[in-house]
Amino acid sequence: MANPLVISVLRELLSAEQRSIAPRLMESTVFVSQLSVHEFEALRRSAKSTLANERQLTELIVSLGGSPGPRAADVMTADLHFLEVHFVVPKLLADREALIRKCAAGASKLAREPRALPAVVAILERNRVEFAELERVLGARAT
């Protein structure tokens with residue numbers, strides 16, 4: 001069994017991914033105009049990435065002998081319904097940026113855990129890629 005501190009850090013990261021608004025956006029009713037199609041596709045990819053991160057963290061926690069704990073979705077996302085997609089992208093950027101900070105902190109806490117560190121670093125990199133893509137899409141919209 002892994003160190004309880006390792007499991008705790010991984011659960012914290014899983015909880016942060018579960019509270020991400022990207023998957024909530026795909027469950028909500030956002031308005032997609034013809035001008036927002038590229039943004040919506042970026043949001044869809046971001047949601048898929050978040051779900052992959054959740055799956056990877058859950059599998060890692062279980063493989064280390066822990067349990068993932070209860071799901072921690074953010075119930076304060078009701079304001080996402082019926083918005084034009086381009087209004088939601090900045091909120092998603094801020095959310096993804098917070099995930100990046102949390103993953104970076106988690107990676108530093110797991111620096112001496114060879115079974116957990118590679119997965120957390122991979123998730124950190126995916127979050128950075130998603131953030132860069134969302135920034136690019138938002139920048140393209142602004143011009």
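Only a predicted model underlies this, so the values are computations on that prediction, with no experimental measurement involved.
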### Task
Classify the side-chain pair Ser49/Arg45 by whether it contains a donor and acceptor separated by less than 3.5 Å.
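No, no side-chain donor-acceptor pair sits under 3.5 Å.
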
Please report the closest heavy-atom contact between [X] and [Y], naming both atoms and the distance.
{"X": "Leu64", "Y": "Ala116", "value": "CD1-CB, 4.5 Å"}
{"X": "Asn53", "Y": "Glu17", "value": "ND2-OE2, 3.3 Å"}
{"X": "Arg96", "Y": "Ser20", "value": "NH2-OG, 4.3 Å"}
{"X": "Ile61", "Y": "Pro68", "value": "CG2-N, 3.9 Å"}
{"X": "Ala22", "Y": "Asp95", "value": "N-OD2, 4.5 Å"}

Validation: residues 97-112 side-chain donor-acceptor distances under 3.5 Å, sequence neighbours left out:
from	atom 1	to	atom 2	distance (Å)
Lys102	NZ	Glu12	OE2	3.3
Ser108	OG	Ala105	O	2.7

Report the distance from atom [atom1] of [X] to atom [atom2] of [Y], rounding to the nearest 0.5 Å.
{"X": "Asn127", "Y": "Leu13", "atom1": "CG", "atom2": "CG", "answer": "9.5 Å"}
{"X": "Leu10", "Y": "Glu113", "atom1": "CG", "atom2": "CD", "answer": "8.0 Å"}
{"X": "Leu93", "Y": "Glu130", "atom1": "CG", "atom2": "CD", "answer": "11.0 Å"}

### Query
So, do Pro23 and Leu51 sit near enough that their side-chain heavy atoms are less than 4.5 Å apart?
yes

### Query
Do the non-hydrogen side-chain atoms of Leu43 and Leu134 ever get within less than 4.5 Å of each other?
yes

### Task
Not counting sequence neighbours, list each pair that qualifies as a side chain to side chain donor-acceptor pair (under 3.5 Å) and has a residue in residues 54-64.
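Qualifying pairs, neighbours excluded: Gln56-Arg126.
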
### Message
Among residues at least two apart in sequence or on other chains, which ones pass salt bridge (charged side-chain N to carboxylate O under 4.0 Å, His left out) with Arg128?
### Response
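Per chain and number, Arg128 pairs via salt bridge (charged side-chain N to carboxylate O under 4.0 Å, His left out) with no residue.
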
### Message
Keeping Thr50 on the side-chain end and Ser46 on the backbone end, is there a donor-acceptor pair under 3.5 Å?
### Response
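Yes: the side chain of Thr50 pairs with the backbone of Ser46.
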
